[in-house]
Each structure stands twice: as structure tokens, then as C-alpha cells.
Number of protein chains: 2
Amino acid sequence: MSRVSLKDIAQSADVSISLVSKVLNNRLGTTGVSPELADKIRQQAEKLHYRQNASAIALRQGRHDVIGVIIHRYGEPGSGLVENMVEGISSIARSRQKKLILNFVETDEEFLEICKSAHQGNMDGMIIGGLPHMKLKSSIARLRENGLPIVTIHDRPIHAEIPNVGIDQAAIGGLATLHLVEQGCTRIAHIFHNEKRHDGYTDAMGEAGLAVEPELLFNAGTMRYSYLAGETAATAFLDRKCGFDGIVCDSDQQAAGVINLLQERGIRVPQDVKVTGMDNAPFCEYIRPSITSISQKTRNAGELAMHMFLEMESGGRVEGAMLEPELFVRQSSGGNGE
Amino acid sequence: MSRVSLKDIAQSADVSISLVSKVLNNRLGTTGVSPELADKIRQQAEKLHYRQNASAIALRQGRHDVIGVIIHRYGEPGSGLVENMVEGISSIARSRQKKLILNFVETDEEFLEICKSAHQGNMDGMIIGGLPHMKLKSSIARLRENGLPIVTIHDRPIHAEIPNVGIDQAAIGGLATLHLVEQGCTRIAHIFHNEKRHDGYTDAMGEAGLAVEPELLFNAGTMRYSYLAGETAATAFLDRKCGFDGIVCDSDQQAAGVINLLQERGIRVPQDVKVTGMDNAPFCEYIRPSITSISQKTRNAGELAMHMFLEMESGGRVEGAMLEPELFVRQSSGGNGE
DNA sequence: TTGTATGCGTTATCAA
DNA sequence: TTGATAACGCATACAA
């Protein structure tokens, strides 16, 4: 039961293939067709359940309406960071009738494999997001130089010629810190893993005239953004007796760990210590106290990247963009949110 | 800067196109090639950065190595249900060098659109998951009848000829209920939205010789699986003074809502009331008490569906499968977990 | 050991 | 108003 092609329609309608093609595409050009014949052709096409063969069109026209999406996942499970990004990309793609080939990669090898297939000509371009593969910078740049439209969603651009949608991580760190300052905290501790955000914290502390003392800092190290990092850090801060009244966490998971541990030890959040998370994960609403957090807006990033891609594809000159983080005030920082 | 084709290599190596094709594919058949010439060809291919044109191959061979994945999202944000399913599908796909065209759909129209393009011949088949589109049953069945391999991941098969990877929802409801029975609960309330799970609850209660009274039931209705449904239900159970000592929730969000509300009202979980969630979302670990939950194993479902698809594609006869849910005991049910 | 010819399904150019 | 033909890039049966 092979597929129905223009040829089959042509035969059953007793006309030429090219005429069928013209009629079905409403692309008659200079030529005209008698209405009855056109109808007959369309009817046959309908009857035989004709569908275009995308491969043939791609071969013929050199375009595919397929965009490769390569994402190196990041964020703890439940953060929703990647899911929102994909959702953003995908919503715009659908509205523009573009198909998405989605690839989750982890290693450089996997990434490279996709890049190859990118130039294998089954996609019109790529949107690359998540953790950057800096080692593949030149491979990616080469694809771009060969004319493949590429947009990235990383913290910073990987190449001058490849527009990037990023978010100002330093601003995120600063925003959280500033919020706690405004809430009246003066001894603000910081669990950090992301360097830029740490810079943001440091700068904000400086601007507020507050001291950044080593005993207020905890490097998450291999615990990264995990719940465990939060528990461990909170324990450390308590052990150090550093008299903290606020903690800027580097993830919502860390914040959850901090909050649970502090409360277990009889310390009240937010009355005694105010806490902020990062990423605005859905579960921020469920923890008690609910977690004040900062959205990285990966959904917006995905949408914007797709728009930029489309612009780029149609020959436009595209500039990179930087998104502004957004603060969601909830109970854990003692704000008036929720 | 057009793409490099076999022709370009043939010209630059001064041989025929077909020979280049044979050499590059190591598909010499009966014919032999002198080693030097083969080397020369390969060198030229390398030098010119030759990449196959996937569209041409698809056209020629009638296969694409592309599988359409259509998912109608379900589960509250943060449940990870869909993400895990995609992850499962995608991990197997990658290991088999298959590309995935991922589509998130909501409406029947969107779904139908994809089905069209499915038969447009740009994919070798489809894996359909998430909420079923029963109205499109026949459209999907038609695709299958036309020879397109299709596997679904729904609660139950939509068509006899389309193998499904499901999970026994009734078993899930039963498992949660049984667990609370084993924990010593005798007045077990149920917040329900999913009918099958509700049946499981009812049956398990019956088998345990426990009464299922209307005052122990709360239909989530339009609140579905939300946190709000949990809060509202818990409030209702309290108002009814129905003397409950356990609550089987229909989602982890509901469970979080229940737990937070009960604790606000001074009721201890799990000492006074034991609670179970559903879906085993990542945040189950973060709530205090942590939430006992049941995994639907959507990651496994995704992996299995992909395996079945591949089997089906290669002509094998494939049977549907039913996964067993898995209980994760944590604090909220007073188990010895965590 | 190498090359020629054909066709996959489509569209565009040109001829009738 | 309609049709024949070439071309997209590739793989294969067959000829040399």
C-alpha cells in the first residue's frame, strides 16, 4: 500500500502530472485551467487521500520547515527551566508551521553528531539552548558561516556571529540580594554555584553598604543546585554562628532544603531568617513558607529565540537579546506576596 | 555557497557519481574498487565537507529515520510526567540514531494537523502520548491501516491495531489505598478526578472491609489535580467532621494542598491523618512531611513505547503493555521511607 | 574495476 | 488551456 503521489492523481484524472501539481498548489502562474478540470483534479486528490511528500519538496526546494533544537538540560528536576524553554520554542514554531526536531544532549559527542546531521540538510537551522558546549564553538560557528541560521539560548553568546538570547545572571543575584536588603536583612548569607550570580550578590551587598564576610558564603560545589546543598549550607551557617538573617539561595531546591532545615532547628522563616530561591519552580507555591523566587523566564527566552530564528532565516539581521529577570515575592522573604 | 553533493566529489575526483556513492556507503555489492581510488574519493569527500542530503535519501529510500512524537500534555506543572515520558522516548531514539519531531498539542485541530503531515511522508511513524484524542480515533486508525507504525501511551488503547503502553490506573488507586490500610487507617478519604483510580480506591476499600461513605469522597471537578483541589477537599473533610484518618489524593499537588491545610489547622500529618499523593513529582521530597507517592513510570513508558515502535517498524508483531505502578513511601503516610 | 541509466515525487520552465 | 521535460541528490541494477 504505497503512498499516493501526483502521478496517481494524474492517471486517475487522465491529465498530466504537472497540471495536477499546479492545480493543487494554486500556483498556475501564467497558465489557466478550466474550472471543471481543476475541480476534478481536486476531487481525485481528496478521494485518494493525497498528501504531499515532504522529502520530495525539500529536495526540490531546498527547504524543510524543520528546525533542529539542541538542548543540554540544566536545572534540577522539577525546576521546569528546560520544559518552559521548549514550550516557548514550540509554541511559536507551531504557529508558524515549523516542525521541530528536538534533541537532548549531554556530551560533546552527542552534540557533534547532531551538528553533522544539521548539515546533512534535513533542517533549516538550529536553536541551541541550555548548558553551552564551549569546545564545539568552532564547529557551530562553521555551520553558521556556511549559512545555517542559528540562535543560541545561553547565559552569554558563544560567537559574535551567532545571536544569543540570554538572561543577566548577575542581575538575578543582585535582584535577590536587593530584595532581602529591602526586607531589612543586614547579614545576608549566600549559597552559590553560579559565578555570575555570585558577582551580583557581592555587588548588591557592596551597594547596600553591607559586609560580605566569608562566613556568610557557602560554595555548593558538587552538590550544585540540589536540596542537599541547601540543607548542608544551612547547617554550616548555623554551626558558624554567623548571625545571618537572610539567605540568597542559588535554586529553589536549595531554598527548600534551607527552609526545612531551619524550621527543624526551630528557626522561623521568614521572621528570624528570610530566604530567596531561584528559578521560580512550580513547587515554590507548595512549600511552607512559600518560596520567594526569581524567574529566569526561559519560556520567554524560547519564544524570543524562535522569533529571532525566523527573522534570521528570512535574511534579516538579528541582534542578541538580554532578558530581565522577574521577582516573585512570597512568604519566605516576608514580603507581602501571595 | 550551495551544499556539496556527490556530484561535486565525483567531479573533483574525476570519477562517476555512482562510484562515489558506493565507496562512501561501503556498499560495493558485487563490484570492487581499487584502494587508491577509494581513498582518493574519501579524501575529496572529507576535504569538501560532504554531508549526505537526508531529503534525497528519504525520497530515494522511502525512509526518514524521523519519528513523530505527539503529546497532549497532562499533569500539573512540576509533576514531571510529560518530561519523563519525553526523556524516555528520546533516550532510546538517540541510541538508535532516530530523530524525533516533537509536537505538543492541545486541540483536536492541532492534532489533526500533525496527522496530516505524518502522512505527508516526513516521518516513519508516530508515538502518541498523554491525553487521548478519542475523536480522532478513526483518523489515527486510518494512518495505521495505511501502514504507518504507531504506538500510543495512554491509559488504555484507542484501537485494537495500535499497541499501547499504559499504566493500570485502577491499580494505582488500589495501591495507595492499600498502603494506607496497611498503615492502620480505617477512615480513608479520597479526592478523586480520575475515574479508574477511584474504582481502585473503592475496590481496595471493599477488600479491606472498610466502608466507602459519601462524606469521605471529594470530587475535584474543575479543580482537577491542582493544589487548590487539595486545600478545598481538606477543608470540606474537616467541615464534614467525617473523622478521617487517611486521604488518598489524586496528585502530589493535591497532597501538598491537603498537608499544608491540615497542618495550618493544627492537625498532624502523619500522626493524625496519613496522606498519599500521586505521580511521585520531584517536590514530594521537599514538602514537610515529605509526600508518599506512586510513580506512573512515564519514563519507562516512553522507553518501552520507543522499543515497541522500532519492533513494529521492522515488521514485528507488537503487543500492548501494561506497566506496574511503584509506591514510594515517605513521611506523609507514616511509613519508614526516606 | 568503473560507468550509465533509471527513478524516488515534486515543481518550474518551456513548448504545444 | 494543457503537457512534456529537466532537475533536485541519491542509490542501485545493469552494462561495459
Side-chain angles (χ1 to χ4, degrees), chain A residues 1-42 44-45 48-65 117 119-124, chain B residues 1-42 44-45 48-66 116-117 119-124:
Chain A
M1 189 68 56
S2 80
R3 285 270 308 293
V4 176
S5 70
L6 289 185
K7 194 166 145 192
D8 301 308
I9 300 175
Q11 280 172 1
S12 85
D14 204 32
V15 293
S16 74
I17 297 178
S18 60
L19 189 57
V20 176
S21 171
K22 288 171 192 166
V23 168
L24 260 35
N25 290 304
N26 286 322
R27 191 74 201 83
L28 297 169
T30 66
T31 68
V33 186
S34 79
E36 310 93 49
L37 191 51
D39 271 354
K40 186 179 171 189
I41 291 174
R42 271 188 274 263
Q44 281 301 321
L48 298 178
H49 298 114
Y50 169 73
R51 300 290 165 211
Q52 302 181 322
N53 182 318
S55 299
I57 294 179
L59 179 58
R60 175 68 228 243
Q61 313 215 318
R63 30 173 294 164
H64 312 258
D65 286 342
S117 94
H119 228 195
Q120 214 157 354
N122 43 17
M123 43 184 89
D124 297 328
Chain B
M1 187 69 57
S2 80
R3 288 268 309 291
V4 176
S5 70
L6 289 185
K7 193 167 144 190
D8 300 310
I9 300 174
Q11 279 173 359
S12 86
D14 202 32
V15 292
S16 73
I17 296 177
S18 66
L19 190 57
V20 176
S21 170
K22 289 171 192 167
V23 168
L24 258 34
N25 289 305
N26 285 323
R27 192 70 200 89
L28 297 169
T30 64
T31 67
V33 185
S34 78
E36 310 93 49
L37 191 49
D39 271 354
K40 183 178 172 190
I41 290 174
R42 272 188 273 265
Q44 282 300 322
L48 299 179
H49 297 113
Y50 169 73
R51 301 290 167 209
Q52 304 180 334
N53 180 319
S55 299
I57 293 179
L59 180 58
R60 171 69 226 242
Q61 313 218 320
R63 31 173 294 160
H64 312 258
D65 286 343
V66 168
K116 273 191 201 167
S117 95
H119 228 194
Q120 213 159 349
N122 43 16
M123 42 185 89
D124 296 329

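Sequence lines set the chain letters: A, B, ... in the order given, protein chains first and strands last, and positions in each chain run from 1. Note: hydrogens, waters and symmetry copies are ignored here, and every other heavy atom, side chains too, is used. Computed from a predicted structure; not experimentally measured.
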If you count heavy atoms of other groups shown closer than 6.0 angstrom to CG of N25(B), is the number above 12? yes
Measure the distance from CD1 on I17(B) to C1' on dG7(C) and round it to the nearest whole Å. 14 Å
Between dC8(C) (C1') and D8(A) (CG): distance, integer Å: 13 Å
By the 4.0 Å heavy-atom rule, please label L6(B) as base, sugar-phosphate, or nothing. sugar-phosphate
On a plain distance test, is the side chain of K7(A) in donor-acceptor contact with the base of dG7(C) below 3.5 Å? no
Starting from P on dT6(C), measure out to CZ on R60(B) and report it in whole angstrom. 13 Å
Need one value for S18(B): base, sugar-phosphate or nothing, where a base atom within 4.0 Å counts as base even if backbone is also close, heavy atoms only. base
Between N25(B) and dA11(D), is there a contact of a side-chain N or O with OP1 or OP2 at under 4.0 Å? yes
Which nucleotide wins on minimum distance to the side chain of L19(B), given the candidates dA11(D), dA12(C), dG3(C)? dG3(C)
Taking any heavy-atom pair under 4.0 Å as a contact, classify L37(A): base, sugar-phosphate, or nothing. sugar-phosphate
K22(A) NZ - dT5(D) C1' separation (whole Å): 11 Å
Closest non-hydrogen atom pair between Y50(A) and V4(A), with its separation: CD1-O, 3.5 Å
Locate the shortest heavy-atom distance separating I9(A) from I41(A); write the atom from each residue and the value. CG2-O, 4.0 Å
Using whole Å, what does the distance between atom C1' of nucleotide dG9(C) and atom CD of Q11(A) come to? 13 Å
Residue mapping more 5' on DNA chain C - nearest nucleotide basis, Q61(A) or V15(B): V15(B)
When rounded to whole Å, the OH to C1' distance for the pair Y50(B) and dA11(D) reads 10 Å
Taking the side chain of L59(B) as its heavy atoms from C-beta onward, which of dG9(C), dT2(D), dA11(D) lies nearest to it? dG9(C)
I need the minimum non-hydrogen distance between R42(A) and L24(A), along with the two atoms involved. CG-CD1, 4.1 Å
Atom-to-atom span, CD1 of I41(A) to C1' of dT1(D) - whole angstrom: 11 Å
Please name the pair of heavy atoms, one in Q44(A) and one in S12(A), separated by the smallest distance, quoted to 0.1 Å. OE1-OG, 2.7 Å
Measure the distance from CG on L24(A) to P on dA12(C) and round it to the nearest whole Å. 13 Å
Could you check which of dT10(C), dG9(D), dT12(D) has an atom nearest any side-chain atom of S5(B)? dG9(D)
